[in-house]
S.K.: 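I have a structure here, written as structure tokens, and I will follow up with some questions on it.
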Amino acid sequence: MDAAQPITAADGTPLKKKLAQAMFRSKLRATGLVVPLLAFVLASFVFPIIALMWQGVYNDTFERLMPNLTEELRVWDGVSEPTEDMYAMLVADLRQNRADKTIGKVASRVNQELAGTRSLFTSTARKAKKLEPPYKESVIKTKKKWGELKVWQAMKLTNQSLTPGFYATSLDAVQTVDQGFVMKEDKRQIYTKLFVRTLMISGSVMLLCLLLGYPVAYLLATLPLRYSNLLMIMVLLPFWTSLLVRTTAWIAILQSQGVVNDLLVWIGITGDDSRFSLIYNMTGTIIAMTHILLPFMILPLYSVMKTIPPSYMRAARSLGATPTRAFIKVYMPQTVPGIGAGGLLVFILAIGYYITPALVGGQDGQLISNMIAYHMQKSLNWSLAAALGGLLLGGVLVLYWAYDRIIGIDNMKLG
Amino acid sequence: MAQLPPYTTTGERIWHYAFRVICGLIFLFLILPILIVLPLSFNVEPYFSFTPGMLSLDPEAFSLRWYKDILRNGMAAPDAPLSLTWFADTWNNAQWMRAIRNSFFIGICATLLSTALGTLAAIGLSRSEMPYRRLIMSILISPMIVPLVITAAGMFFFYSKIQLSQTYIGVIMAHAVLGTPFVIITVTATLVGFDKSLVRASNSLGAGPIQTFFKIQMPLIIPGVISGGLFAFITSFDEVVAVLFLASPEQRTIPRQMWSGIREQISPTILAVATLLVLLSIILLTVIELLRRRSERLRGVTPS
């Protein structure tokens with residue numbers, strides 16, 4: 001046989017090629033199984049979120065509805081006195097928007113940039129039909145505010161459809177025409193404080209979960225299986241119980257006429273008229289969230305602790321370590337992967353929490369998600385909601401990436 | 001309980017029992033809130049707290065009034081005599097009944113969709129020849145990680161544009177997406193222990209890929225598929241944020257109804273519903289546990 005001759009399969013094609021074909025086919029088969037779900041998730045989940053994020057940097061309301069003024073504002077330098085042409089175009093656009101009934105949208109959009117300008121637009125639009133040239137004079141006559149430079153600057157900023165402005169607002173900064181970004185004064189900073197509070201509450205919830213989850217996981221992992229299976233039900237039942245049921249239960253327990261306060265009054269720790277306010281504030285949020293997220297800490301810790309042979313501890317003891325020392329030096333280091341997995345998972349879930357803070361959080365127990373929902377449903381400043389969501393999502397994705405790097409999402413276990 | 005070895009010192013003994021007491025308290029913290037809604041739901045008064053009568057176990061202080069309210073609230077003629085028309089009235093008009101119907105309908109449809117797609121994907125992902133495995137896996141798991149408000153807001157805009165918001169299909173799709181990570185995680189976990197040589201044996205005996213799948217693979221992974229499905233179901237059954245953003249009053253589910261109940265008029269009817277939901281989760285948990293044992297038996301793992 002000639003050595004240069006390639007080895008062939010039964011049908012005469014080279015084996016190398018045949019193997020590559022087979023590999024390709026099996027790759028295709030595997031991909032074919034995944035594609036339906038991937039397409040579904042991309043279309044109904046990933047794409048909508050990308051579209052939402054786009055709204056956080058792009059808002060063309062003003063440019064679309066005020067086309068004539070847009071042209072003028074583009075060439076205006078932002079600091080000189082507004083010209084007669086600009087006022088004329090303003091009047092033209094206001095008339096059009098009044099006719100199309102879209103003036104409300106324009107007014108709200110500029111109002112997001114400079115509060116208190118809503119009525120300026122709606123009332124002048126009402127009179128726009130009757131205004132006569134010279135427009136500068138007649139417009140300022142309807143509302144004195146039209147002569148102010150900052151109104152025009154706000155319009156120039158709103159005119160920019162692709163804008164970093166909403167992200168700036170999310171970080172408590174203000175975009176200006178001439179000075180770039182300026183931080184708001186300390187008293188008026190809302191969002192940065194809310195982000196800090198969200199991180200603080202999530203951090204406390206994570207630490208509390210670790211504090212409460214570690215001993216329980218240890219007990220479950222060291223008890224014989226027939227006992228631990230029974231006790232495991234106590235962990236899994238809350239895990240399987242509706243979030244709203246658990247939140248309702250905490251309202252019943254923690255409210256001022258609730259079980260805990262009744263008990264405390266009965267024991268005599270506090271008087272009937274000085275009951276503790278344990279709910280509708282940050283305390284309520286932290287207690288309820290700790291309870292709800294605790295199983296997410298216990299389960300990964302348990303599955304790691306289960307793999308640690310008990311003989312290690314005995315070996316450490318026989319070598320002269322005290323129980324405490326053996327625990328800290330031998331047992332604890334081996335549970336670090338579990339602590340990492342549980343802690344990260346609890347933290348990731350906590351910073352995006354919405355339902356529980358909304359129901360039991362009161363004023364100071366609200367998280368960033370609640371603010372996003374507020375801008376989505378109440379103030380209808382969707383671009384700001386998208387920008388706040390973008391910052392939150394960015395944080396979550398970094399943590400998720402870390403989770404995947406450190407623990408690997410394949411190793412996530414449920415129950 | 002395990003016997004303490006004879007060499008333990010007094011201090012260790014004290015710590016040993018103290019530790020158990022601490023753990024007992026933590027278990028109490030976990031389970032008490034769930035158990036406390038049970039007696040409260042039988043309260044005769046419209047309060048969320050124990051009345052003196054309840055504490056002294058006075059039978060007068062307990063009633064089924066809030067359970068009846070689940071059936072009656074919203075009915076056209078709640079005081080009509082019990083008859084078929086009364087039940088038809090409940091079924092069609094009572095607010096909670098509609099929520100219960102919606103929850104089951106949406107939950108079951110979403111579960112079927114996510115279990116079917118999720119199982120196939122998990123099988124594909126468990127094959128070593130799958131390209132970009134890690135990236136795809138992390139995309140498919142992400143619905144569990146991304147804050148629900150962001151998911152719901154994104155879906156709200158997108159589904160409104162394609163006329164799916166305020167429809168059953170929109171809510172079902174949203175819930176199906178949220179349920180798939182659980183299906184993938186549980187099915188993948190079952191597949192990890194799957195012996196690949198079984199597939200090869202089946203192939204060498206002349207079975208085609210489809211026959212192999214249904215006769216060999218499916219029976220072995222079915223416990224994982226069912227528990228994944230139950231996870232997906234409970235996810236949909238418990239989901240409220242997407243419903244808040246996407247659903248019209250027509251698609252109100254149980255959690256949505258509870259949400260407005262807690263926010264607007266807090267009545268013990270919520271506690272009665274909560275009790276029923278706790279019972280449901282006990283049933284589901286039992287099913288999952290039985291499935292897990294069966295799966296362990298099938299794979300030859302015996303509990304010690």
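Note that this is a predicted model, so its numbers are computed, not measured.
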S.K.: Under 3.5 Å, side-chain donor or acceptor atoms of residues 129-138 of chain B against the rest of the protein: list the pairs with distances, not counting sequence neighbours.
M.R.:
| from | atom 1 | to | atom 2 | distance (Å) |
| --- | --- | --- | --- | --- |
| B/Arg133 | NE | B/Leu125 | O | 2.5 |
| B/Arg133 | NH1 | A/Asp410 | OD2 | 3.3 |
| B/Arg133 | NH2 | A/Asp410 | OD2 | 3.3 |
| B/Arg134 | NE | A/Asp404 | OD2 | 3.4 |
| B/Arg134 | NH2 | A/Asp404 | O | 2.8 |
| B/Ser138 | OG | B/Arg134 | O | 3.2 |
| B/Ser138 | OG | B/Leu135 | O | 2.8 |

S.K.: For A/Leu37, is it the side chain, the backbone, both or neither that has a heavy atom under 4.5 Å from a heavy atom of chain B?
M.R.: both

S.K.: Could you check which of B/Ile36, B/Leu25, B/Ile22 has the highest count of heavy-atom pairs closer than 4.5 Å to chain A?
M.R.: B/Ile36

S.K.: Is any side-chain heavy atom of B/Phe27 closer than 4.5 Å to a side-chain heavy atom of A/Leu219?
M.R.: yes

S.K.: Which bit of A/Leu399 is near chain B, if near means a heavy-atom gap under 4.5 Å: side chain, backbone, both or neither?
M.R.: neither

S.K.: If you tally heavy-atom pairs under 4.5 Å against chain A, which of B/Ser128, B/Ser126, B/Pro147 wins?
M.R.: B/Pro147

S.K.: With a sphere of 6.0 Å drawn around CZ of A/Phe24, does it hold more than 12 non-hydrogen atoms of other residues, nucleotides or ligands?
M.R.: no

S.K.: Please determine, among A/Leu393, A/Ile233, A/Leu28, the option with the most heavy-atom pairs under 4.5 Å with chain B.
M.R.: A/Leu393

S.K.: Using non-hydrogen atoms and a 4.5 Å limit, figure out which bit of B/Ile145 sits close to chain A: side chain, backbone, both or neither.
M.R.: both

S.K.: Side chain, backbone, both or neither: which part of A/Ile355 has a heavy atom under 4.5 Å from chain B?
M.R.: both

S.K.: Counting C-beta onward and ignoring hydrogens, is there a side-chain heavy-atom pair between A/Ile368 and B/Val149 closer than 4.5 Å?
M.R.: no

S.K.: Please classify the contact between B/Val37 and chain A as side chain, backbone, both or neither, with a heavy-atom cut-off of under 4.5 Å.
M.R.: side chain

S.K.: When only pairs under 4.5 Å are counted, which of A/Arg246, A/Gln377, A/Gln257 shares the most heavy-atom pairs with chain B?
M.R.: A/Gln377

S.K.: If you round to the nearest 0.5 Å, how far is CE of A/Met234 from CD1 of B/Ile34?
M.R.: 11.0 Å

S.K.: If you count heavy-atom pairs under 4.5 Å with chain B, which of A/Ala249, A/Gly390, A/Gly352, A/Ala30 comes out on top?
M.R.: A/Ala30

S.K.: Would A/Val34 and B/Arg127 count as a side chain to side chain contact (heavy atoms under 4.5 Å, CB included) here? Give the steps.
M.R.: CA-CA 11 Å; A/Val34 179; B/Arg127 298 199 173 165; over 6 Å; no

S.K.: Heavy-atom cut-off 4.5 Å, strictly under: side chain, backbone, both or neither for B/Ile288 against chain A?
M.R.: side chain

S.K.: Please classify the contact between B/Phe237 and chain A as side chain, backbone, both or neither, with a heavy-atom cut-off of under 4.5 Å.
M.R.: neither

S.K.: I need the residue from B/Thr151, B/Leu113, B/Ile123 with the largest number of non-hydrogen atom pairs under 4.5 Å to chain A.
M.R.: B/Thr151

S.K.: Below 30° counts as parallel, above 60° as perpendicular, anything between as tilted: where do the rings of B/Phe231 and A/Trp240 land?
M.R.: tilted

S.K.: For chain A, which candidate among B/Gly118, B/Ser227, B/Gly261, B/Ser142 shows the most heavy-atom pairs at distances under 4.5 Å?
M.R.: B/Ser142

S.K.: Please test A/Thr241 against B/Leu277 for side chain to side chain contact (heavy atoms under 4.5 Å, CB included), starting from the C-alpha separation and ending with a verdict.
M.R.: CA-CA 7 Å; A/Thr241 305; B/Leu277 288 180; 5.9 Å; no

S.K.: Distance check, rounded to the nearest 0.5 Å: B/Leu30 atom CG versus A/Leu294 atom CG?
M.R.: 4.5 Å

S.K.: Applying side chain to side chain contact (heavy atoms under 4.5 Å, CB included) to A/Phe40 and B/Ser114, what does each step give before you reach the verdict?
M.R.: CA-CA 10 Å; A/Phe40 178 59; B/Ser114 57; over 6 Å; no

S.K.: Between B/Thr180 and chain A, which part of the residue has a heavy atom less than 4.5 Å away: side chain, backbone, both or neither?
M.R.: side chain

S.K.: Under a 4.5 Å heavy-atom cut-off, does chain A meet the side chain of B/Ile270, its backbone, both or neither?
M.R.: side chain

S.K.: Do you know the tightest heavy-atom contact between B/Met155 and A/Ser44?
M.R.: CE-O, 3.2 Å

S.K.: Report which part of B/Phe157 has an atom under 4.5 Å of a heavy atom belonging to chain A: side chain, backbone, both, or neither.
M.R.: side chain

S.K.: Evaluate A/Tyr400 against B/Val146 for side chain to side chain contact (heavy atoms under 4.5 Å, CB included), listing each step before the verdict.
M.R.: CA-CA 9 Å; A/Tyr400 183 45; B/Val146 172; over 6 Å; no

S.K.: Do you know which of B/Thr119, B/Leu164, B/Val241, B/Leu32 has the most heavy-atom pairs under 4.5 Å to chain A?
M.R.: B/Val241

S.K.: Which bit of B/Leu40 comes within less than 4.5 Å of chain A, counting heavy atoms only: side chain, backbone, both or neither?
M.R.: side chain

S.K.: Against chain B, label A/Ile50 side chain, backbone, both or neither, depending on which of its atoms sit under 4.5 Å from a heavy atom there.
M.R.: neither

S.K.: Is it the backbone or the side chain of B/Trp15 that comes under 4.5 Å from a heavy atom of chain A, or both, or neither?
M.R.: neither

S.K.: Tell me, side chain or backbone of A/Ala39 under 4.5 Å from chain B's heavy atoms, or both, or neither?
M.R.: neither

S.K.: Measure the CG-CE distance between A/Leu345 and B/Met144 for me, rounded to the nearest 0.5 Å.
M.R.: 5.5 Å

S.K.: Less than 4.5 Å to any heavy atom of chain A: does that hold for the side chain of B/Leu280, its backbone, both, or neither?
M.R.: neither

S.K.: What part of B/Ile184 gets within 4.5 angstrom of chain A, counting heavy atoms only: side chain, backbone, both, or neither?
M.R.: side chain

S.K.: Among A/Leu231, A/Val259, A/Ile348, A/Leu349, who wins on heavy-atom pairs under 4.5 Å with chain B?
M.R.: A/Leu231

S.K.: Got a second to check how far A/Leu237's CG is from B/Leu285's CG, nearest 0.5 Å?
M.R.: 6.0 Å

S.K.: For B/Leu271, is it the side chain, the backbone, both or neither that has a heavy atom under 4.5 Å from a heavy atom of chain A?
M.R.: side chain

S.K.: Can you tell me which portion of A/Ala358 sits under 4.5 Å from chain B's heavy atoms? Options are side chain, backbone, both or neither.
M.R.: both

S.K.: Give the minimum heavy-atom separation between B/Ile31 and A/Pro238, together with the two atoms involved.
M.R.: CD1-CD, 4.3 Å

S.K.: Side chain from CB out, backbone as N, CA, C, O: work out which of these in A/Arg317 comes under 4.5 Å of a heavy atom of chain B, or both, or neither.
M.R.: side chain

S.K.: Locate the shortest heavy-atom distance separating B/Ile26 from A/Pro215; write the atom from each residue and the value.
M.R.: CD1-CG, 4.0 Å

S.K.: For chain A, find which of B/Thr188, B/Val278, B/Leu148, B/Val240 contributes the most heavy-atom pairs closer than 4.5 angstrom.
M.R.: B/Val240

S.K.: Check whether any side-chain N or O of B/Asp238 sits under 3.5 Å from a backbone N or O of A/Leu243 as a donor-acceptor pair, and report yes or no.
M.R.: yes

S.K.: So which heavy atom on A/Pro48 is nearest to which on B/Phe158, and how close?
M.R.: CG-CD2, 3.5 Å

S.K.: According to side chain to side chain donor-acceptor pair (under 3.5 Å), does anything in residues 287-297 of chain A pair up with another residue at least two apart or in another chain? List the pairs.
M.R.: A/Trp250-A/His291

S.K.: Could you check if a side-chain atom of A/Leu223 sits within less than 4.5 angstrom of a side-chain atom of B/Arg20, using non-hydrogen atoms only?
M.R.: yes

S.K.: Which atoms of A/Ala252 come close to chain B, meaning under 4.5 Å heavy atom to heavy atom: side chain ones, backbone ones, both, or neither?
M.R.: both

S.K.: Below 4.5 Å from any heavy atom of chain A, which atoms of B/Glu239 appear? Answer side chain, backbone, both or neither.
M.R.: neither

S.K.: For B/Ala174, is it the side chain, the backbone, both, or neither that has a heavy atom closer than 4.5 Å to a heavy atom of chain A?
M.R.: neither

